[in-house]
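Hydrogens, waters and symmetry mates are skipped; everything else that's a heavy atom, side chains included, is used. Here is the naming used below: chain letters follow the sequence lines, and residue numbers restart at 1 for every chain.
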There are 2 protein chains.
Amino acid sequence: MPTIATRRDGVETRQAIIDAALDLFAARGFEGASTRQIAQQAAVTQPALSYHFDGKEELWRAAVGALFDRLGESIARRLKGLAGVDDRTVATLMVRHFVEFSAVNPQLHRIIMQESTQPGPRLDWLVTTYVRPLYASAVEILERLRGGAPLPATSAAHLYYLLTGAGATVFVMAPECERLTGVDPFEPTFITAHADLVVEMIVASVTQEQP
Amino acid sequence: MPTIATRRDGVETRQAIIDAALDLFAARGFEGASTRQIAQQAAVTQPALSYHFDGKEELWRAAVGALFDRLGESIARRLKGLAGVDDRTVATLMVRHFVEFSAVNPQLHRIIMQESTQPGPRLDWLVTTYVRPLYASAVEILERLRGGAPLPATSAAHLYYLLTGAGATVFVMAPECERLTGVDPFEPTFITAHADLVVEMIVASVTQEQP
DNA sequence: GTCTATAATTAGATAGAC
DNA sequence: GTCTATCTAATTATAGAC
């Protein structure tokens, strides 16, 4: 069956390119990551990228999309096991899940941070396509933590960046953390302890914030 | 006095180049920012950069150094007015000062984040030259907040990235914040409220953390 | 101290063989 | 579907006039 074999090879190559692209875009930014480096890490030649993706920008979109899909599926899987659990417990477990996902997939926040420092079409696409729904979910979780009370827009912004900043930064900056503190933030015990700290912090901040 | 006039012009040009370099390195990363863009924003021609700085890397070091010097002077100025104040109050005021500096100078954490996502000589230089002393000061402040009790290395790492992540992320990602939430994080009222939130959060987390 | 002109390298994208 | 070879444009750095 040459057709199936050929098609499967293509899918695998495509996936290898996406994985390499995620690592390099996250580490060096869109302009900083060259298509040659991505091809080398994926163990293909550079023109192979042009065959599978219509240009560097479309490769970036495909890679970022795959990562957000991973997050969406991860959240959906986690929620499935929480039927009948009370709102506050679900909310704290989702905060914990978010921190742990950020530890396992530091590329997500690295890419969001890279693109969020300056306006541009990639940031607009990122916000409208993926970040806005994520933000809505986060605000909903924060409101559940308050016992259902709605959050004003400004408080929501404060708490969202408090949560994402406190939860993800140490993993985004893992290479610095190791050099600076001697601690490897990807150690399972560190991840768990950090999630604990962030959960307690956000619960305290949410119940405090009532303008 | 042609000598003085000439020399002063050179100093001003050098400063204009550094200011432009800070903005562009912070927004687009080291590889992403081109020397032509920096020259254009500084209103000089591209070879002028080679005259004032020995290559792109040295320009980056000079710009980053100027920014950290600004932070150091800002901290020193703030500490001068706090003679005779008790440790806990000094510590909370320093946390607040840090958040406010991050709001006025978002380039600082943008550049640190850009370089901290991957190992390399620029990260090593950044950590040994500037971030390590800053980390030592931050740990000292956190210990004062605990009433003088020393912090274990792991707890220090947790709290440092909790503080810097929660305090700076919303300003680092200001363009996203505006598009996502409709809130401008550089509004003075937002900055003050965010500093309040971070101070309360870090005080609560510090007194909680005792393994 | 700053400019124009340009060298040398590297980038992303394409042509065409297999 | 993947390769080698190559094109065009953009990059950093330098030479030399003023």
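Rounded to a whole Å, the CD1 atom of B:I38 is 11 Å from the P atom of D:dT11. If you measure from atom CD of A:Q37 to atom C1' of C:dA11, you get 11 Å, rounded to the nearest angstrom. Remark: P of C:dA11 and CZ of A:F30 are 14 Å apart, rounded to the nearest angstrom. When rounded to the nearest whole Å, the span between CD of B:E31 and P of C:dG12 equals 12 Å. Straight-line distance from the CG atom of B:L49 to the P atom of D:dT14: 13 Å, rounded to whole Å.
When heavy atoms are screened at a 4.0 angstrom cut-off, A:A39 is found touching no nucleic acid atom at all. Residue contacts for B:A43: at a heavy-atom cut-off of 4.0 Å it reaches no nucleic acid atom on any strand shown. Contacts of B:S34 with the nucleic acid, taken as non-hydrogen atoms under 4.0 Å apart, involve only primed sugar atoms and P, OP1 or OP2.
Minimum atom distance to the side chain of B:P47 is reached by C:dT4, of the listed C:dG12, D:dA13, C:dT4. If you check D:dC3, D:dT11, D:dA13 against the side chain of A:V44, the one that comes closest is D:dC3. Which of C:dT2, C:dA13, D:dT2 sits closest to the side chain of B:H52 comes down to C:dT2. With D:dA5, C:dA11, C:dC3 as the choices, the nucleotide that has an atom nearest any side-chain atom of B:T45 turns out to be C:dC3. With C:dG12, D:dT2, C:dA15 as the candidates, the nucleotide lying closest to the side chain of A:R36 is C:dG12. For B:T13, the listed nucleotide lying nearest its side chain is C:dT2; candidates were C:dA5, D:dA5, C:dT2.
A:S74 and A:H97 share a side-chain donor-acceptor pair at under 3.5 Å.
Counting only residues at least two apart or on different chains, the side-chain hydrogen bond (donor to acceptor under 3.5 Å, both in side chains) pairs with a member in residues 47-59 of chain B are B:E57-B:R61.
Nearer the 5' end of DNA chain D, as judged by each residue's closest nucleotide, is the contact made by A:Y51, out of A:Y51 and A:Q46.
By the 4.5 Å heavy-atom criterion applied to side chains, B:P175 and A:L123 are counted as neighbours.
Proximity of the aromatic rings of B:H194 and A:Y161 is defined here by a centroid distance below 6.0 angstrom, and this criterion is not met. Ring centroids of B:H109 and B:F98 are separated by less than 6.0 Å, placing the two rings close together.
A salt bridge links B:R122 and B:E31; the closest N-O separation between the charged side-chain nitrogens and carboxylate oxygens is under 4.0 Å.
For the side chain to side chain contact (heavy atoms under 4.5 Å, CB included) criterion with A:Q41, the lone passing option out of A:D19, A:D23, A:I17 is A:D23.
Near DNA chain C, defined here as any heavy-atom distance below 4.0 Å, the residues from residues 54-61 of chain A are A:G55, A:K56, listed numerically.
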